[in-house]
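Heads up: the structure comes next, in structure tokens.
Numbering of ligands and ligand atoms starts at 1, following listing order. If you're wondering where the values come from, they're calculated on a predicted model, not measured in any experiment.
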Amino acid sequence: MSENKGENESVGVGENENERHNKSVQKITHPFHEEHPLVLVAEQSNEGLKAYCDGCRELLSTPCFTCIHCNYHLHKQCAEVPLYLPNHPLHPQHSHLGLFLRQRPYPNDQVVYVRDLFCNLCQKQHSGPFYGCSLCHFNINIGCALPMSIVEDKSRHQHPFTLLRRRGSFICDACDTEGNFVSYICSTCNIMVHKKCTSLPRIIKFSRHDHCIFHKYFLKDLTRQVCKICFKEVKLDRGSYSCRKPGCNYVVHVNCVLEDDDLYKVIEEEKQWEELYEKSMQSSIIHVIEVNEAREATKIEHFSHQHCLVLANKMEREIERKCDGCMLSISPLFYYCSECPFFLHKTCVELPRIKQHWFRQSNATLNFKGFLKCSFCCRPCSGFFYTIRRYLQMCLMCAKVADIIECEGHQHFLFFDFKCKENCNGCGIRCWHGAFKCGKCKFVLDFACLTLPHSSFHKIDEHMLKLTYHDDKEKSYCDICEQERDPSLWYYSCSICDTSAHPKCVLGQFPFLNDGITWDDVDHPHTHDLNFFRKAKGYPECFRCGKLCQEEILKCGESTCNYIIHCKCRDY
Ligand SMILES: [Zn+2]
Ligand SMILES: [Zn+2]
Ligand SMILES: [Zn+2]
Ligand SMILES: [Zn+2]
Ligand SMILES: [Zn+2]
Ligand SMILES: [Zn+2]
Ligand SMILES: [Zn+2]
Ligand SMILES: [Zn+2]
């Protein structure tokens, strides 16, 4: 329906007849809004008022045309483009009909063909009025239909680019991909580029590399390079982004690095960025109270704990203690609290409070939580989390995983692919938000499997069980739950006793939760807060299923209550 509507509005109006100017107040009638004339507003009178252009749907700015009766607005620029382009060179098949200006198809239009939403030339989604052919689905945006003859932006390229219309396709020197019909050339540099590539940022900071990277039209002094994002070859005589620091050898395709604007930031000057970065780095230690002769901080105030923490390198008694920050066993050196049981590895104490993680270019902030579900491994965890953009919570184990890694369970290196939606080869679960992928063969791993402990104890076996990646058997069983086990997936095993078991059976459901934490969740049936414990004292009965509690439990904190349930019984 939107199709016909658009055509009828435009047919017969003819080029530029929409601008019947009234000299005194500048009024026009426009076919996009035929009910009333539109009045020119030259300057913004009410700054707080936010309105959007009904043509391109971008924020309204002056000069613009407005209908005061209907609150209908058009940027002056949007109102003044020709309604009709005869004999357009980009669409010779139906050139006798010409191209007509149409309003952008909106999501609530009744019938919208997906291909009508995107410009046939630059593939960008239409954000404003565009030109379409009335016989076929050919359509292009205004910028591609009426390209500027000269583009000049000294901050992006030192010379002006000149429009060169071509009959067919070309390869863009800036990004090494194909372009069609509309090209821009710089005759000083001898390059031909896409329109969009005339304004490529010279310097960017990409989340997955520590230094600024620079756009170059060719790379000398380098041998064969692969893009560190897609791991396909980068042609050295075409444009790419690369790091200038000696020894870095970091090169990426233009389109790979600029694909997601959450992952990079345009940098005007490298120096400036480095200074800003230094400033934004913040220690998690609030205050150093005492230092020793080696200038090590021996007594500190840390944001994660209300008491002072003291440096130590040995436990007073041989007890198994977990670090309250990362949930792994305490090892020298570490800090402890002299007033209550609280331990942190020295490396965990020294984690930056604010840092930039490769998953996003925006900053990640360190927080300390009793109970939070990690957005990456999807496990409830206690301790330190990096919060990215307020809604992404990353547990410390996930935060430690680099974007390009080697892992014991696979012979080739793996790299993170944000678009991967395949099943994890470790656990068989579908990945929805990207995963680590092998560039050489079909192999995918998610954060949860990558962060599984390499070994773990379980009472079923006197030896340490090892994480195992291959099983030759055709059918296998888990020795803990006695259910079937898919032999193609990862499992824990003891080669001496021939024990094998599901990872979740060996580790329990909540291996990274701290004992005693408040179950910060609404999915339990009790009115008071419940505390999590790995083991109950004695063998009390579960209030829900009536069986003895020998595994993870939730217990009410109120002394009068005596309410205990299995963790697994919490959401009946
Ligand atoms: Zn290009
Ligand atoms: Zn690439
Ligand atoms: Zn570098
Ligand atoms: Zn304490
Ligand atoms: Zn995690
Ligand atoms: Zn997995
Ligand atoms: Zn099992
Ligand atoms: Zn209670």
Side-chain angles (χ1 to χ4, degrees), residues 171-172 174-178 197 200 204 206-209 213 215-216 219 222 224-236 238-243 249-260 263-264 323 325-328 348 351 357-360 364 366-388 391-405 407 415-420 424 426-427 429 431-437 439-440 445-453 503-504 507 509-514:
I171 299 291
C172 169
C175 72
D176 192 28
T177 57
E178 201 181 82
C197 291
L200 285 181
I204 57 171
F206 180 48
S207 68
R208 296 166 78 166
H209 191 65
I213 52 176
H215 183 259
K216 290 273 174 304
L219 295 172
L222 277 179
R224 196 188 120 89
Q225 291 289 322
V226 291
C227 166
K228 292 291 191 304
I229 301 169
C230 69
F231 286 87
K232 300 196 175 102
E233 192 181 352
V234 178
K235 292 216 189 82
L236 300 179
R238 299 281 179 184
S240 63
Y241 280 92
S242 56
C243 180
N249 267 344
Y250 191 86
V251 184
V252 286
H253 289 124
V254 171
N255 291 320
C256 287
V257 77
L258 299 181
E259 186 171 10
D260 183 346
L263 299 188
Y264 72 91
C323 166
C326 69
M327 297 298 119
L328 301 175
C348 288
L351 287 168
H357 188 273
W358 60 261
F359 196 78
R360 285 282 184 275
L366 192 66
N367 288 304
F368 185 77
K369 290 274 157 62
F371 175 105
L372 208 57
K373 197 168 162 190
C374 171
S375 322
F376 295 81
C377 64
C378 300
R379 286 185 285 236
C381 300
S382 303
F384 288 138
F385 285 86
Y386 275 105
T387 307
I388 308 174
Y391 63 94
L392 287 170
Q393 309 291 352
M394 189 178 242
C395 76
L396 218 48
M397 283 177 299
C398 289
K400 282 179 186 163
V401 181
D403 67 326
I404 302 170
I405 48 154
C407 101
F415 64 95
F416 193 77
D417 178 358
F418 283 80
K419 285 175 290 191
C420 178
C424 169
C427 63
I429 294 173
C431 306
W432 290 103
H433 305 290
F436 292 86
K437 215 169 144 177
K440 296 198 171 124
L445 268 191
D446 58 14
F447 271 101
C449 289
L450 258 178
T451 50
L452 283 173
K504 67 172 194 309
L507 299 174
Q509 250 192 305
F510 308 102
F512 307 111
L513 273 188
N514 215 347

task: Measure the shortest side-chain to side-chain distance between C395 and F512 over non-hydrogen atoms and say whether it is less than 4.5 angstrom.
output: no

Spacing of CZ belonging to R379 relative to NZ belonging to K504, to within rounding of 0.5 Å: 13.5 Å

statement: Taking the Zn ion (ligand 5) as the apex, SG on C395 and SG on C377 give an angle, to 10°, of 120°

message: Please report, to 10°, the angle around the Zn ion (ligand 2) from atom SG (C256) across to atom SG (C230).
response: 110°

- line: the Zn ion (ligand 2) has as its nearest N, O or S atom from H253 the atom ND1

query: So, H253 side chain and I229 main chain: donor-acceptor pair closer than 3.5 Å or not?
result: no

query: Ring centroid separation for Y250 and Y241, is it under 6.0 angstrom?
result: no

